[in-house]
Amino acid sequence: MRFPAAFSPLAATRRSVLSLLTLSAVMIGGGAMLGSEAKAAENVKVGIMAGEDEEVWKVVAAEAAKNGLDVERVVFSDYVQPNESLANGEIQANAFQHQPYLDAQVQQHGYKIVPVGYTLIQPIGLYSRKHKSVADLPEGASIGIPNDPSNAGRALNLLQAQGLIKLREGAGILATAIDVESNPKTIQIRELDAGIVGRSIDDLDAGVVNTDWALKSGIDPQKERIAQEPLENNPYRNFIAVREQDKDAPWVKTLVSAYQTDAVKQALATWYKGTTLPAW
């Protein structure tokens with residue numbers, strides 16, 4: 001059989017091979033691209049606090065991995081950076097805060113950040129190494145409280161619940177020292193950074209300290225806590241937070257479900273020595 005001058009079996013074979021190679025390259029390239037996109041969709045960076053939470057989130061990551069979600073833990077040592085990093089897209093979620101703190105941050109910075117699932121609650125406590133009970137606190141006692149808006153109000157409300165001070169009506173959960181209306185024991189309220197109150201406990205008559213900072217400061221919550229805020233109707237449950245645009249993303253539900261498990265309940269009990277409770 002004769003073929004047109006422009007056509008030959010060899011040329012056709014070469015063209016077929018080239019076409020197959022080109023198609024293969026496209027498929028491989030496309031597959032790599034899809035694989036990259038899939039990996040990005042399954043990998044989530046979560047901002048957490050240094051300390052015991054790192055151990056708890058190892059368990060969360062293991063639970064998430066069972067459902068195909070790779071959780072990369074990004075550790076912070078203060079309460080400011082996790083929301084900044086989330087708002088800037090450096091991480092996809094964080095888990096360290098309660099609603100009053102987020103509300104204050106949103107008001108101050110305009111963050112588009114929302115809660116998507118409860119994690120834990122750490123009842124704030126009044127600690128002392130000098131006095132065995134609230135009743136033992138002397139006239140003019142120096143009491144340290146955190147100086148950030150949400151935790152300061154939380155601390156002052158605890159002092160009010162113990163009868164040490166009275167806040168003006170309507171002061172609410174964001175009360176400040178200015179809102180103290182009555183101070184029968186003439187308590188000296190010292191406003192310090194949240195991470196400093198616990199470390200200054202030896203220099204104070206007492207201090208209102210967040211549970212995580214109490215543990216980091218070497219305070220024994222079981223032996224040195226002389227008062228604790230009530231758990232009923234407590235607005236200070238911590239949660240996982242994400243950017244508003246991501247709240248309905250499929251990985252969010254997987255992440256929340258990975259936290260809200262019996263394995264994580266056990267990890268909370270183990271690493272926080274019974275001072276931190278599941279909030280879901």
Side-chain angles (χ1 to χ4, degrees), residues 49-56 76-80 96-98 100-101 120-167 173 175-180 182-232 234 236-238 267-277 279:
M49 299 306 295
E52 292 76 15
D53 225 24
E54 295 179 70
E55 302 299 331
V56 173
F76 295 94
S77 58
D78 66 59
Y79 290 144
V80 176
F96 77 102
Q97 64 192 322
H98 47 62
Y101 182 81
L120 54 81
I121 182 169
Q122 297 176 317
I124 203 167
L126 179 63
Y127 299 91
S128 178
R129 286 181 176 162
K130 297 178 180 179
H131 311 287
K132 296 297 184 182
S133 69
V134 173
D136 290 339
L137 292 171
E139 293 282 336
S142 62
I143 298 181
I145 68 170
N147 62 5
D148 60 280
S150 62
N151 285 309
R154 189 178 184 182
L156 290 168
N157 275 281
L158 172 57
L159 297 183
Q160 176 172 251
Q162 296 301 313
L164 294 171
I165 62 172
K166 183 180 179 181
L167 299 170
I173 61 176
T176 68
I178 298 174
D179 295 312
V180 176
S182 174
N183 186 354
K185 280 194 171 184
T186 322
I187 288 169
Q188 299 176 44
I189 297 173
R190 296 184 56 189
E191 298 178 89
L192 305 169
D193 182 88
I196 299 299
V197 182
R199 294 170 187 161
S200 303
I201 197 70
D202 290 325
D203 301 319
L204 301 165
D205 284 290
V208 181
V209 189
N210 297 76
T211 298
D212 55 342
W213 283 117
L215 295 174
K216 291 182 179 72
S217 302
I219 292 174
D220 187 332
Q222 303 299 337
K223 296 180 180 179
E224 297 173 326
R225 183 172 54 207
I226 60 175
Q228 177 179 286
E229 69 184 357
L231 297 179
E232 188 176 356
N234 194 307
Y236 297 104
R237 289 186 291 173
N238 283 17
L268 291 174
T270 299
W271 290 102
Y272 283 103
K273 302 176 175 64
T275 62
T276 295
L277 306 173

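Owing to the predicted nature of the structure, the values given are computational and were not obtained by experimental measurement.
Taking CD of Gln188 as the start and CD1 of Ile143 as the end, the distance is 10.0 Å to the nearest 0.5 Å. Atoms CD1 and CZ, from Ile121 and Arg237 in turn, are 7.5 Å apart once rounded to the nearest 0.5 Å. In this structure, the separation between CG on Leu126 and CD1 on Ile124 is 9.5 Å, given to the nearest 0.5 Å. Note: Met49 CE to Lys216 NZ = 6.0 Å, rounded to the nearest 0.5 Å. Separation of atoms CZ (Arg199) and CD1 (Ile219) is listed at 10.5 Å; rounding is to 0.5 Å. Rounding to the nearest 0.5 Å gives a distance of 8.0 Å between CG of Leu268 and CG of Asp53.
With hydrogens and angles ignored, the 3.5 Å screen pairs no side-chain donor or acceptor of Tyr79 with any backbone N or O of Ala194. Within the 3.5 Å criterion, the main-chain N or O of Arg154 finds no donor-acceptor partner in the side chain of Asn157. Distance alone, capped at 3.5 Å, places no donor-acceptor pair between the Asp220 side chain and the Glu224 backbone. Under the 3.5 Å distance criterion, the side-chain polar atoms of Gln228 are left unmatched by any main-chain donor or acceptor of Gly125. Looking at Asn210, its side chain never comes within 3.5 Å of a backbone N or O of Trp213 through a donor-acceptor pair.
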Can Asn234 and Glu229 be said to form a side chain to side chain donor-acceptor pair (under 3.5 Å), step by step? CA-CA 9 Å; Asn234 194 307; Glu229 69 184 357; 3.2 Å; yes
List the steps, then state whether side chain to side chain contact (heavy atoms under 4.5 Å, CB included) holds for Asp78 with Asp193. CA-CA 10 Å; Asp78 66 59; Asp193 182 88; over 6 Å; no
Between Leu156 and Ile189, is the side chain to side chain contact (heavy atoms under 4.5 Å, CB included) condition met? List the steps. CA-CA 9 Å; Leu156 290 168; Ile189 297 173; 3.9 Å; yes
Side chain to side chain contact (heavy atoms under 4.5 Å, CB included) assessment of Leu192 paired with Asn147: CA-CA 5 Å; Leu192 305 169; Asn147 62 5; 5.7 Å; no
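Taking a 6.0 Å sphere around NZ of Lys166, one finds it holds 12 or fewer heavy atoms contributed by other residues, nucleotides or ligands. Counting heavy atoms of neighbouring residues, nucleotides and ligands inside a 6.0 Å radius, atom CZ of Arg225 exceeds 12 of them.
Among all heavy-atom pairs drawn from Ala227 and Val134, the shortest one is CB-CG2, 3.9 Å. Heavy atoms only, all atoms of each residue included: Gln160 and Leu167 are closest at OE1-N, 2.7 Å. Listed here is the closest heavy atom pair of Ser142 and Leu204: OG-CA, 3.7 Å. Shown here for Arg129 and Ser217, the closest heavy-atom pair between the two residues is NH2-O, 4.4 Å. The shortest non-hydrogen separation linking Asp205 to Leu137 is O-CD2, 4.1 Å. Across all non-hydrogen atoms, the minimal contact from Tyr127 to Thr211 is OH-OG1, 4.5 Å.
Contact of the Val197 side chain with the Val208 side chain is not registered, since no non-hydrogen atoms from C-beta on lie closer than 4.5 Å. You'll find the side chain of Leu120 stays beyond 4.5 Å of the side chain of Val56, heavy atoms only.
Between the side chains of Asp136 and Ser133, at least one donor-acceptor pair of N or O atoms lies under 3.5 Å.
Using the six-membered ring where Trp is involved, His98 and Tyr236 have ring planes that are perpendicular, over 60° apart on the 30 and 60° scheme.
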